[in-house]
Amino acid sequence: VCSSSTNNFPASCRQVTVSAPKSSIKAGDTAVVSCTVKTNDPETGIQWFKGDSTTPLVDDDIAYSISTTQVTALDGKTKQYAAALNILNFDSADVASYFCRAVYTDPILDDDSAEQRLAILGLILTPSTSQILAVGDSFQLACAMNLDETYVTRRISWKLNEGSEISSGVTTQTTNTAFTSTLSLSDLTPTDAGTYTCTAAYSLSDGSEPVVLTGTIDVS
């Protein structure tokens with residue numbers, strides 16, 4: 001039985017969960033991390049932390065926007081708090097673990113917390129600089145996108161000079177951290193010169209528009 005009494009406050013009455021609809025975010029987007037706290041503590045505060053910092057994040061509408069709502073359960077004892085941390089204009093400096101901490105007023109209780117790690121969607125094109133090759137040479141271009149389990153499908157395509165998609169000479173490989181597409185070019189001719197574009201698309205199961213990243217390299 002859950003009650004607000006300090007003599008009857010089992011751990012099973014308290015629950016902190018944290019999640020993000022996308023654990024990898026495109027640069028410049030707003031990353032949303034949600035936190036749900038179920039407790040029978042009379043008044044519970046919610047704080048957000050980044051990485052190893054012991055200083056709570058502050059709602060300044062510049063870097064972060066924070067909101068908290070309270071819902072009382074039907075039994076009249078257990079309260080549910082829903083908090084959201086909005087990380088504005090997400091970039092590489094925001095890649096970290098974010099902690100939601102429930103701060104209880106009852107002095108005998110230890111604070112509960114949960115975490116969610118966020119990364120930035122990335123695309124790495126190898127080589128990264130323009131290449132000058134000779135007729136008859138062989139060459140490889142590799143395009144890698146980082147993996148994220150929240151995205152159900154991933155696809156990489158290649159084009160030359162924004163023409164039709166290149167289908168021959170393309171192989172793919174998946175590791176624990178990346179999905180890589182390699183374009184192999186052999187016996188080069190002058191018609192192989194130009195700007196190669198790698199397009200990586202991440203899709204979610206909810207049917208929303210995919211996140212698309214592109215990279216280009218000039219070959220002459």
Next on the checklist: According to a hydrophobic-cluster definition based on side-chain heavy atoms being under 4.5 Å apart (Ile, Leu, Val, Met, Phe, Trp, Tyr only), do Leu57 and Phe99 belong together?
Outcome noted: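 Result: no, two separate clusters.
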Answer yes or no: is there a donor N or O on one side and an acceptor on the other, between the side chain of [X] and the main chain of [Y], under 3.5 Å?
X      : Y      : answer
Asp60  : Tyr64  : yes
Asn86  : Val32  : no
Tyr151 : Ser24  : yes
Asp148 : Thr150 : yes

Item to check | Residue pairs passing the disulfide bond (SG atoms under 2.5 Å apart) test where at least one lies in residues 185-218, sequence neighbours excluded | outcome: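 Every pair satisfying disulfide bond (SG atoms under 2.5 Å apart) with a residue in residues 185-218: Cys143-Cys198.
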Next on the checklist: Please determine whether side chain to side chain donor-acceptor pair (under 3.5 Å) holds for the pair Tyr202 and Asn146, giving the CA-CA distance in whole Å, both sets of side-chain angles, and the decisive distance to 0.1 Å.
Outcome noted: CA-CA 10 Å; Tyr202 294 83; Asn146 63 304; 3.0 Å; yes
Indicate yes or no: at least one non-hydrogen side-chain atom of [X] is less than 4.5 angstrom from one of [Y].
X      : Y      : value
Val33  : Cys100 : no
Cys35  : Val16  : yes
Ser34  : Leu85  : no
Thr182 : Ser184 : yes

Checklist entry - Of all residues at least two apart in sequence or in a different chain, which pass the side chain to side chain contact (heavy atoms under 4.5 Å, CB included) check with Thr189? => result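 Side chain to side chain contact (heavy atoms under 4.5 Å, CB included) check on Thr189 returns Thr191, Asp192.
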Checklist entry - To the nearest 0.5 Å, what is the distance between CG (Leu121) and CD1 (Ile25)? => result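 The distance works out to 7.0 Å.
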Item to check | Separation of Asp94 CG from Leu118 CG (nearest 0.5 Å) | outcome: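 Here the interatomic distance stands at 8.5 Å.
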Next on the checklist: Is it true that, when you exclude Asp52 itself, more than 12 heavy atoms of the residues, nucleotides or ligands shown sit nearer than 6.0 Å to its CG?
Outcome noted: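 Incorrect, the count does not exceed 12.
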Next on the checklist: Just checking Leu123: does its CG atom have more than 12 heavy atoms from other residues, nucleotides or ligands closer to it than 6.0 angstrom?
Outcome noted: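 It does: Leu123 CG has more than 12 such atoms within range.
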Taking all non-hydrogen atoms of both residues into account, name the closest pair between [X] and [Y] and its distance.
X      : Y      : result
Pro127 : Gln140 : CD-O, 3.9 Å
Thr44  : Ala102 : CG2-CB, 4.0 Å
Val170 : Leu183 : CG2-CD1, 3.8 Å

Item to check | Steps toward side chain to side chain donor-acceptor pair (under 3.5 Å) verdict (Thr197, Glu162) | outcome: CA-CA 7 Å; Thr197 301; Glu162 293 301 320; 3.3 Å; yes
Item to check | SB check Glu165 Arg155 (cutoff 4.0 Å) | outcome: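 Looking at Glu165 and Arg155, the cut-off is met.
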Checklist entry - Can you list the residues that meet the salt bridge (Lys or Arg N to Asp or Glu O under 4.0 Å) rule with Arg117, with sequence neighbours excluded? => result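 Applying salt bridge (Lys or Arg N to Asp or Glu O under 4.0 Å) to Arg117 gives none.
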